[in-house]
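See below for the structure under consideration.
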Amino acid sequence: MSQGTSLANSVEDLEKPYQPRTDVEQPPLELDEKPTETEPPVPTSEPVNPFHPSQFPDGGKDAWLCLLGGFCCLFCSFGWINCLGVFQNYYQTNQLRDYSPSSIAWIASIEIFMMFFPGPIVGWAFDNYGPKYLLVFGTIFHVFGLMMTSLCTKYYQFILAQAICSPLGLNCIFNAATSTIPTWFLAKRGAAYGIMAAGSGLGGIIIPIMASHLIPQIGFGWTMRAIAFMLFGLLIIASLTIKSRLPPRPRPLRFKVFLEPFTDARFVLLTASSFLFFMGLFIPINFIEVQAIADGMSVRLAGYLLAVLNAASIFGRIIPGALADKVGKFNMQSLWCIVAGIIVLALGLPASGNAAYITFAALYGFASGAYVSLLPAQMAQISEVQQIGVRIGVTFAVVSFAGLIGNPVAGAIVTHNHGKYWGLNVFAGVLLTAGASLFTLTRFYVAGWKVAVRV
C-alpha cells in the first residue's frame, strides 16, 4: 500500500509544472530580464577619424569651390608680390628718383618680410578659428594699404602703406588658402596646390599689364585704386568659398607651440633649404625690368617681361604639382630648384638683347614657379593635418628674413658695380643653387637615403 501511494505521488509530481524551490537562494533577476532568452550583444560603432586618409574627399563641390577661393587668394597675394618689379622701375624714374636702387628695393623687401614674418601667429589663429576671420582681416588691410599707396608721394609713406599695411593683410590671405586646401585633398594634394598657386601666376600677368597701360592714361593714383578694387572683388569670392573641412581645435597661445616644429629634423632641413632659395628667388623678378632697360630694351617692351615670367610660372606651378603626386614632391622640388639656379647663371648672367631677356623670363618663370606650389605640399607631407597651419607659418616667418635682405643686397651690388648687373645675377644664382643643393639633401634624408623612391 505504501509502495503504491509513493508511486502515485511520483507520477503527480512529474505532471506538475516546474516551480523553483524557495528553500534555495536564486540569483536576482532584472525587471526586464528573461531567464530563458539571451540578448544579442549590442554592436559598438566607433566615430570615424576625420584625419583618416579615407575621409579626404579629393573632389566634390565644396572642395572645388575652396580651391577656387584659394586660386583667388594667391592671385591677390603672391600675384601682387610677383609684380613688384614694375614699381621698382616706376619709383626709380618718378616719385623716388632721388633715391638709390638699393633704397627703393627696401620697399619690396619689407613688403615680403611683413607678408611672411607674422606667419606663426596667423597659423595659430587659423588652427583655432578657421579661415573666415583671417580672410576678413586680410581683405581690409590689403585693400586699405593699396588705397593709401595711391596717395603716397614720400619714401616713408610708401614704407607705411605699401610695405607694412598691405602685406599684413597678404599674410592672412595667403595662410588662409594654403592651410585650408590640405583638409580637402590628399591623393591629389600636389595638383590642388599647383592649381591654387597658378593664381599667383595669373595675377602676375594681369597686374603688371594693368599698371603699365593705366599709369600713362589715368595716373599712378587711380591705377592703384583700380587694382585695389579688382583685388577686393576677388577676395569677396574667396571669403564666400573658402572653408575648412575640419573644425577648429582651439589651443592656448604658447611660445613652445612655435618651437615644437624644430624638434623634427625634416622640418629644420626643409626650412633651411627654403631660406637659401627664397633669398635669391625674388631678385631676378624684382630687377629684370630695370636690367633689360639698362641693356637697351624699350620701356614698353620691358613692361611685358614680368607678364611673360608669370605666364610661364602658371605652367611651372601646375605641371610639377601634378607630377609630384606621381613621382614625389621632394623629387620635383629638388629638380626644378636646380634648374632655376642653372637658368640664372647660364642665361641671366650673359643675357643681352630682347630675345635673351624674354627667353630668360619664360624659363625662369617656369622653373621658379614650382617652388611656390610644392613647398606647402612638402610641409603637409611631413606634418599632421592639425600641425600644418603653424608649421607653414613658422617656415615662412623664417624665410621672411631672407626676403628682407635679398633685394637690398642685390641693389647694393649693382651700385657697387656702377650700374652693371652681372654681380646681381651671380649673387642670385649662387643662392638658388645652394638652396637647391640643400633641398636635394633634404630629399635624401626624408627618403632614408634611398635613390629610386617616390618621396
Any non-hydrogen side-chain atom of [X] less than 4.5 Å from a side-chain atom of [Y]?
X      : Y      : answer
Leu432 : Tyr364 : yes
Phe267 : Gln378 : no
Leu305 : Met297 : yes
Ser274 : Leu375 : yes
Leu134 : Ile173 : no
Ile110 : Leu404 : yes
Phe278 : Val398 : no
Gln162 : Tyr91  : yes

[X] side chain to [Y] backbone, donor-acceptor under 3.5 Å:
X      : Y      : answer
Arg443 : Ser334 : no
Lys132 : Ile242 : yes
His142 : Cys76  : yes
Asp325 : Gly190 : yes
Asn310 : Gly201 : no
Asn331 : Val453 : yes
Ser179 : Ala176 : no
Thr183 : Thr180 : yes
Asp295 : Gln291 : no
Thr440 : Ala436 : yes

Using the ring centroid of each side chain, check whether [X] and [Y] are separated by less than 6.0 Å.
X      : Y      : answer
Phe141 : Phe137 : yes
Phe87  : Phe158 : no
Phe262 : Phe258 : no
Tyr156 : Tyr99  : no
Trp106 : Tyr155 : no

Could you report the tightest heavy-atom contact between [X] and [Y], atom names first, then the distance?
X      : Y      : answer
Ala238 : Cys72  : CB-CB, 4.3 Å
Val455 : Ala447 : CG1-CB, 3.9 Å
Ile413 : Leu424 : CG2-N, 3.7 Å
Cys83  : Ile207 : SG-CG2, 3.3 Å
Leu170 : Ser77  : CD2-CA, 3.5 Å
Pro408 : Ser109 : CD-OG, 2.8 Å

Quick one: which of Phe282, Phe366, Trp336, Phe277 gives a ring-ring contact (aromatic ring centres under 6.0 Å, His included) with Tyr371?
->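 The residue from Phe282, Phe366, Trp336, Phe277 that satisfies ring-ring contact (aromatic ring centres under 6.0 Å, His included) with Tyr371 turns out to be Phe277.
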Please walk me through it: do Ile81 and Ile112 pass side chain to side chain contact (heavy atoms under 4.5 Å, CB included)?
-> CA-CA 7 Å; Ile81 292 294; Ile112 295 170; 4.2 Å; yes
Dump the intermediate steps for ring pair (Phe, Tyr, Trp, His ring centres under 6.0 Å) on Phe78 and Phe116, then the final yes or no.
-> CA-CA 11 Å; Phe78 249 105; Phe116 296 117; 5.8 Å; yes
Passes side chain to side chain contact (heavy atoms under 4.5 Å, CB included), Leu214 versus Ile227? Steps please.
-> CA-CA 10 Å; Leu214 290 180; Ile227 293 173; 5.8 Å; no
In chain order, what residues pass the salt bridge (charged side-chain N to carboxylate O under 4.0 Å, His left out) check against Arg189, with sequence neighbours excluded?
->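 Arg189 satisfies salt bridge (charged side-chain N to carboxylate O under 4.0 Å, His left out) with no other residue.
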Thr442 and Ser273: side-chain donor and acceptor closer than 3.5 Å?
->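 Yes, Ser273 and Thr442 have a side-chain donor paired with an acceptor closer than 3.5 Å.
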Exercise: do Arg317 and Ser313 side chains pair donor with acceptor under 3.5 Å |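 Note: Arg317 and Ser313 side chains meet the donor-acceptor criterion.
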Any chance you could measure [X], atom [atom1], to [Y], atom [atom2], to the nearest 0.5 Å?
X      : Y      : atom1 : atom2 : answer
Asp264 : Leu269 : CG    : CG    : 9.0 Å
Ile392 : Ser383 : CD1   : OG    : 7.5 Å
Ser368 : Leu309 : OG    : CG    : 5.5 Å
Met148 : Ser166 : CE    : OG    : 12.0 Å
Leu168 : Glu111 : CG    : CD    : 10.5 Å
Cys337 : Leu281 : SG    : CG    : 9.0 Å

Is Phe117 atom CZ crowded by more than 12 heavy atoms from other residues, nucleotides or ligands, each under 6.0 Å away?
->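 Result for CZ/Phe117: open.
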Between Phe126 and Asn175, is a side chain to side chain contact (heavy atoms under 4.5 Å, CB included) present by the stated rule, with each step listed?
-> CA-CA 8 Å; Phe126 174 87; Asn175 276 279; 5.9 Å; no
Which residue pairs pass the side-chain hydrogen bond (donor to acceptor under 3.5 Å, both in side chains) test with at least one member in residues 444-455, sequence neighbours excluded?
->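 Non-adjacent pairs meeting side-chain hydrogen bond (donor to acceptor under 3.5 Å, both in side chains): zero.
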Give every residue pair that meets the side-chain hydrogen bond (donor to acceptor under 3.5 Å, both in side chains) criterion with at least one member in residues 207-224, sequence neighbours excluded.
->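 Matches after skipping sequence neighbours: His213-Tyr304.
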Criterion side chain to side chain contact (heavy atoms under 4.5 Å, CB included) on Ile181 and Thr178, from CA distance to verdict = CA-CA 6 Å; Ile181 293 300; Thr178 55; over 6 Å; no
